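These notes are about the structure you will find just below.
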Amino acid sequence: MKNVVVVGSTNVDKVLNVEKYALPGETLAINSYQQSHGGGKGANQAIAAARSGAQTTFITKLGNDEDGQSMLTGFQNDHINVDHLVTTDQAQTGKAYITVDQSGQNSIYVYGGANMELTADDVEAHQSVIAKADRVIAQLEIPLSAIIAAFKIAKEHGVQTILNPAPAKELPEELLRLTDVITPNETEAQTLTGIEVADEVSMLDNAMAFFSKGISMVIITVGSKGAFYATPQAHGFIPAFKVKAVDTTAAGDTFIGALASQLEMDNSNIEDAMLYANRASSLTVQVAGAQNSIPTREQIEAANQKTNHSKEQIEREKEQAAQYVAARIPDHIVLGLGSGTTAAYFVKAIHDRIEKEHLDIECVATSVGTQQLAEKLGMRMLDVNTIDAVDVTVDGADVVDDHLDGIKGGGAALLFEKLVANMSKRNIWIVDERKPRHSLEGQMLPVEVIPFGGMGVFRYLRDNGYHPAFRFQENGDIMATDSGNYLIDITIPNDADLQALSENLKKQTGVVEHGLFLNICDEMVVGGDQVKVVKREDSK
Ligand SMILES: Nc1ncnc2c1ncn2[C@@H]1O[C@H](COP(=O)(O)OP(=O)(O)OP(=O)(O)O)[C@@H](O)[C@H]1O
Ligand SMILES: [K+]
């Protein structure tokens with residue numbers, strides 16, 4: 001369980017539900033008025049972390065008033081440690097006036113009140129609890145001097161610092177230097193770096209700008225699209241869950257608190273932790289209000305259970321596509337067997353048919369894994385070096401565009417797959433419904449490089465804007481392919497000429513192969529209760 005200290009604001013939210021926003025000078029009736037919900041970015045993040053199971057301490061300043069008292073009671077109910085909370089007679093508990101329109105968008109006015117009275121001295125008086133934490137999180141609804149004080153203490157004691165730079169404003173270099181992890185949304189990122197967030201490439205540019213200020217991890221949340229992460233070693237985009245948003249208030253706060261509760265200190269589970277945080281905030285946006293909409297760990301896990309169901313559906317689609325194709329393979333041929341989970345369904349399905357119908361089919365495998373599976377099943381295997389051609393190859397694909405061009409190599413078998421595909425008179429790809437896309441822009445493309453000199457290729461890719469990252473195994477070792485090469489994942493730029501990109505990559509000394517499969521697939525079969533077949537002749 002992670003030990004998290006949140007230093008930040010507490011607000012009482014006064015929420016107005018409106019049909020549409022009033023223009024300057026306009027008067028509109030409101031649909032409903034909800035008195036006093038708990039809110040404030042600090043409080044929301046503390047609650048999100050606590051409800052996800054983190055041991056959470058909240059350092060905040062409340063007014064000596066009724067709002068303050070009711071917020072305090074709420075924190076206690078969420079098992080937040082409030083021993084380090086401060087009160088003042090100088091100002092009232094912070095308040096936010098929030099309007100939410102029918103689409104779920106919000107606009108907010110904030111009265112800082114007691115939040116703006118939280119001083120560096122207040123924070124320093126609670127040094128000991130920060131020093132003992134795993135990580136400390138702060139946002140910008142309290143004076144910067146208080147945040148800097150908290151981060152200085154954290155740095156002295158090896159405690160990770162997370163800055164949620166919201167609401168957006170420019171920040172002193174000193175604070176950025178003390179920050180380990182920064183978690184802006186699109187607007188906040190642009191305010192701090194001057195770089196607009198448009199796609200994954202510009203997110204990486206944003207990340208680079210933050211790295212140059214001494215920050216070691218950048219997480220950019222992009223609302224209903226999802227969230228992006230980058231460290232100097234790796235980056236990725238984790239798409240949001242598709243849900244019907246009612247009120248996005250506290251989405252970002254839920255994301256950060258939930259993430260802080262899950263992320264290992266070495267970041268090793270970053271993608272899983274972000275998936276969890278996406279799930280948590282997808283629940284928040286489906287409920288009106290702030291703190292009342294933040295889910296507990298049980299609720300998040302229950303929602304995940306439901307999508308395991310959709311994981312099952314994906315497996316079913318893969319199997320449906322595999323069986324559809326297996327049933328239509330002609331007799332007396334040489335058959336190429338692809339690699340990966342979808343191809344494995346095909347291997348099993350065609351094996352069943354060969355046995356039952358005593359078919360005369362000889363096979364060629366595209367990876368060591370497939371070779372082993374086919375041998376275990378007792379299929380007749382040929383050495384690829386002893387034949388001139390393969391009649392049909394059936395393989396999976398990572399993504400396929402409208403022209404049946406695609407990317408393969410997520411499973412690290414791209415070289416052998418491409419060798420066999422090029423020998424095949426016909427190539428059939430079997431995929432589940434997630435794989436077809438209009439274009440390959442912004443997609444991750446694996447490039448297989450020889451280990452000797454791999455860094456040279458990496459530098460070339462980096463200097464030419466391809467945002468390369470070596471692929472690693474879960475244990476932290478660099479991933480090797482069946483032929484002992486390394487994989488570098490790059491991002492396909494927008495408006496890329498795929499043919500030129502393909503040729504250009506092949507020309508680089510040290511590049512063995514890449515995962516762009518252009519003009520190779522003759523037929524794509526998409527699984528589903530109604531199997532869909534797209535043929536190259538029809539796709540143009
Ligand atoms: N409409 C949505 N559907 C599904 N998930 C969403 C939606 N909006 C937000 N999320 C989730 O919440 C995360 C944070 O959202 P967002 O980027 O809007 O943060 P934010 O701007 O800080 O939010 P806010 O200020 O409203 O709390 C997203 O990365 C995503 O996982
Ligand atoms: K909400």
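Note: hydrogens, waters and symmetry copies are ignored here, and every other heavy atom, side chains too, is used. No experiment lies behind these values; they were computed from the predicted model shown. Just follow the structure's listing: the first ligand is 1, and inside any ligand the first atom is 1.
For the residue pair Ser103/Asp101, the side-chain donor-acceptor check at 3.5 Å is satisfied. Glu271 and Tyr229 share a donor-acceptor pair across their side chains, judged by distance under 3.5 Å alone.
Using a distance-only test at 3.5 Å, with no hydrogens or angles considered, a donor-acceptor pair links the side chain of Thr99 to the main chain of Ser107. Side-chain atoms of Gln291 come within 3.5 Å of backbone atoms of Gly39 as a donor-acceptor pair (strictly under, hydrogens ignored).
Contacts between Thr248 and ligand 1, counted as non-hydrogen atom pairs separated by less than 4.0 Å, involve both the backbone and the side chain. By the criterion of a heavy-atom distance under 4.0 Å, the side chain of Ala245, and not its backbone, is placed next to ligand 1.
Comparing Val243, Thr187, Ile256 by heavy-atom distance to atom 3 (N) of ligand 1, the nearest is Val243. With distances taken over non-hydrogen atoms, the option nearest atom 30 (C) of ligand 1 out of Ala251, Gly223, Pro239, Gly226 is Gly223.
Using cut-offs of 30° and 60° on the angle between ring planes, the pair Phe228 and Phe237 is tilted.
Sorted pairs that involve residues 210-227 and meet side chain to side chain donor-acceptor pair (under 3.5 Å), not counting sequence neighbours, are lacking altogether. Residue pairs meeting the side chain to side chain donor-acceptor pair (under 3.5 Å) criterion with at least one member in residues 133-148, sequence neighbours excluded, are Ser9-Glu141, Gln45-Gln139, Arg135-Gln160.
Counting only heavy atoms of the protein, atom 22 (O) of ligand 1 lies nearest to Gly252 CA, 3.5 Å. Of all protein heavy atoms, the one closest to atom 31 (O) of ligand 1 is Asn278 OD1, 2.6 Å. Of all protein heavy atoms, the one closest to atom 1 (N) of ligand 1 is Ser224 CB, 3.4 Å. Nearest protein heavy-atom contact of atom 5 (N) of ligand 1 is Ala240 CB, 3.9 Å. At the shortest separation from atom 25 (O) of ligand 1 among protein heavy atoms lies Lys41 NZ, 4.3 Å.
At a threshold of 4.0 Å, the pair Lys155-Asp180 counts as salt-bridged, since one of the basic side-chain nitrogens sits closer than that to a carboxylate oxygen. A salt bridge is defined here as a Lys NZ or Arg NE, NH1 or NH2 lying under 4.0 Å from an Asp or Glu carboxylate O, and Lys435 with Glu317 fails to meet this definition. A salt bridge does not link Arg316 with Glu319: none of the charged nitrogens is closer than 4.0 Å to a carboxylate oxygen.
Close contacts between ligand 1 and Phe241 involve ligand atoms 3 (N), 4 (C) [criterion: under 4.0 Å to a heavy atom]. Heavy-atom contacts of Ser281 reach the following atoms of ligand 1: 11 (C), 12 (O), 13 (C), 30 (C), 31 (O) (cutoff under 4.0 Å). Less than 4.0 angstrom separates some heavy atom of Val222 from each of these atoms of ligand 1: 17 (O). Contact atoms of ligand 1 toward Ala250: 27 (O) (distance under 4.0 Å to a heavy atom of the residue). Applying the 4.0 Å criterion to heavy atoms of Asn185 picks out, from ligand 1, the atoms 20 (P), 21 (O), 22 (O).
In terms of heavy-atom proximity, Thr491 sits nearest to Gly442 at CG2-O, 3.7 Å. Taking every heavy atom of both residues into account, Asp401 and His438 meet most closely at CB-O, 3.4 Å.
For the side chain to side chain donor-acceptor pair (under 3.5 Å) criterion with Thr93, the lone passing option out of Asn64, Asn115, Asp65 is Asp65.
Around the K ion (ligand 2), the protein contributes the following N, O or S atoms under 3.4 Å, ordered by chain and number: Asp247 O, Thr249 O, Thr284 O, Val287 O, Gly289 O, Ser293 OG.
Within the 4.0 Å heavy-atom cutoff, Ala166 does not count among the residues contacting ligand 1.
Note: an N/O pair closer than 3.5 Å links Thr221 and ligand 1 by distance alone.
Residues meeting the salt bridge (Lys or Arg N to Asp or Glu O under 4.0 Å) test with Glu19, sequence neighbours left out: none.
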